[in-house]
Amino acid sequence: MKVLFVGDGQLGQMLGASGISHGHECLLYSTRSHEVKPLSAQVSLSWTLAEAIGWADVVSWEHEAIPADIIAAAHDKFLMDPARIKSLTDRRAEKKLFDDCRVGTSPWQSFGTPAELEKILQQTTQPLVIKAARGGYDGKGQWRFRPGDAIADCVAEAGKEPGIAEHLIPFEKEVSMVGARGKDGSVCCYPLITNVHTQGILSYSLAGIETVPDTLQRQAEEAFHRLTDALNYVGVFAIEFFVVGEGEQAQLLINEVAPRVHNSGHWSMSGANCSQFDLHMRALTGMPFPELRIEPTLMLNVIGAKQIPVGLWHHQDAQCHWYNKEPRPGRKVGHVNIRTANLDTAQTWVQQWAEKLQFLG
Ligand code: ATP
Ligand code: MG
């Protein structure tokens, strides 16, 4: 099968690599330079977008901000409605989807103007997180507000663009569910993964290391079914949750979704019999999903570092991925998957390596 991926970043590269290993042909389309590219080489083909779309059997994406011209030109090559997927880049549409699907999320209100935000801040008795409707990632485009804070200052910053204001959740921890839905509606999910963020950026994920209560796994899978059914989704889909309450009382609240492969699924390249990229390719090509088996794995992001130290490249328990991107503080430039027996050894790895691999700025 011939697959054209929208986007030429690391997710597109890793999807393409999986596609090739399954015997498919893959091209990437850069939405920044508007060039059609082969995998792995920073060169462009002389093909136009229309030629690449004509060549492809299927068009998929590494990011959901799919340009309107591709949606129009390739509409019949997508396996679902691409405009619906693109609409999720707006947090108001995303939160409405959660409400429509009756999956629990932090209570929220939307605002379109500074005056509307001001009114929300005047009336709140709760600490809030204000998020720009569009364009936020890695904690950017977010502001915190507590009753008593200066309203005018907050409105001046956070009210510049439309957005949402939601309750600040005092969570126990953050987890995510990564899974895939096939063309026939079949679904296949990994166990919940624990994610630790620093300054709003994913620092590391723990997969298969902490015990996941059955009740939370069931809740997460239920949310996965509801959301992906509502979207008639085909491919890998990720859901970020807050865990609130402890023990028997623990509940999930959905934070956000990523209609694509996701950073919190990168551990699966080393820690599962089928990676998230392989699952996505299986979904696109109608290949059945396997029964998933996983090994305890730590995924440590490489953020803003100039390189991955040679000691890690040579370490028998580490698998390094370098994205060949110009390092900047706060920019994800690679990740390292580490086979690790338990939480103690995972935390030792994090203590030893995070400060050498992560420069947040
Ligand atoms: P990503 O890079 O995952 O797309 P993002 O910048 O789009 O991130 P969020 O995932 O919404 O935005 O927020 C980043 C982090 O900020 C969350 O992982 C969480 O740690 C914190 N956060 C966001 N919303 C809330 C909230 N309502 N209550 C408490 N913490 C929050
Ligand atoms: Mg997030």
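The structure displayed is predicted, hence computed values, not measured ones. Quick note: numbers below take in every heavy atom, side chains included, and nothing from hydrogens, waters or symmetry partners. Every number for a ligand or one of its atoms is a count from 1 in the order of the listing.
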Charged N-O contact under 4.0 Å between E222 and R226
yes

Can you check which of [options] brings a heavy atom nearest to [atom]?
atom	options	result
atom 5 (P) of ligand 1	R91, K131, H197	R91
atom 16 (O) of ligand 1	K332, Q142, E174, E240	Q142
atom 30 (N) of ligand 1	Y137, F241, F171, W108	F171

Going by the atom numbers of ligand 1, which of them fall below 4.0 Å from some non-hydrogen atom of L168?
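Result: 28 (N), 29 (C).
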
Is the backbone N or O of [Y] less than 3.5 Å from a side-chain atom of [X], with the two atoms forming a donor-acceptor pair by type?
X	Y	answer
H167	I169	no
H280	G235	no
Q276	G179	no

CD (E326) with more than 12 external heavy atoms under 6.0 Å
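Not buried by this count: 12 neighbours or fewer within 6.0 Å.
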
If you draw a 6.0 Å radius around NZ in K356, do more than 12 non-hydrogen atoms from other residues or ligands fall strictly inside?
yes

Looking at Y190 versus W267, is the centre-to-centre ring distance below 6.0 Å?
yes

How close does the nearest protein non-hydrogen atom get to [atom], and which residue and atom is it?
atom	answer
atom 10 (O) of ligand 1	E256 OE2, 2.7 Å
atom 2 (O) of ligand 1	D138 N, 2.8 Å
atom 25 (C) of ligand 1	F242 CZ, 3.4 Å
atom 27 (N) of ligand 1	E166 OE2, 2.8 Å
atom 15 (C) of ligand 1	G200 CA, 4.2 Å
atom 28 (N) of ligand 1	I169 N, 2.8 Å

Any side-chain heavy atom of L192 within less than 4.5 Å of one from S176?
no

Please identify which of these residues, L253, L97, I254, I239, meets the side chain to side chain contact (heavy atoms under 4.5 Å, CB included) condition with V103.
I254

Relative to the Mg ion (ligand 2), which of the N, O or S atoms in E240 is the closest?
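Of the nitrogen, oxygen and sulfur atoms in E240, the Mg ion (ligand 2) lies nearest to OE1.
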
Can you name the N, O or S atom of E256 that is closest to the Mg ion (ligand 2)?
OE2

Examine K140 relative to Y137 and say whether NZ or CZ is less than 6.0 Å from the centre of the six-membered ring and inside a 45° cone about the ring axis.
yes

Run the contact test for R144 against ligand 1 with a 4.0 Å cut-off on heavy atoms, strictly below, and give the result.
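So R144 counts as touching ligand 1.
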
Heteroatom distance test (N255, ligand 1): nitrogen or oxygen, under 3.5 angstrom
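Between N255 and ligand 1, an N or O pair is found under 3.5 Å apart.
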
Any N/O pair G139/ligand 1 closer than 3.5 Å:
yes

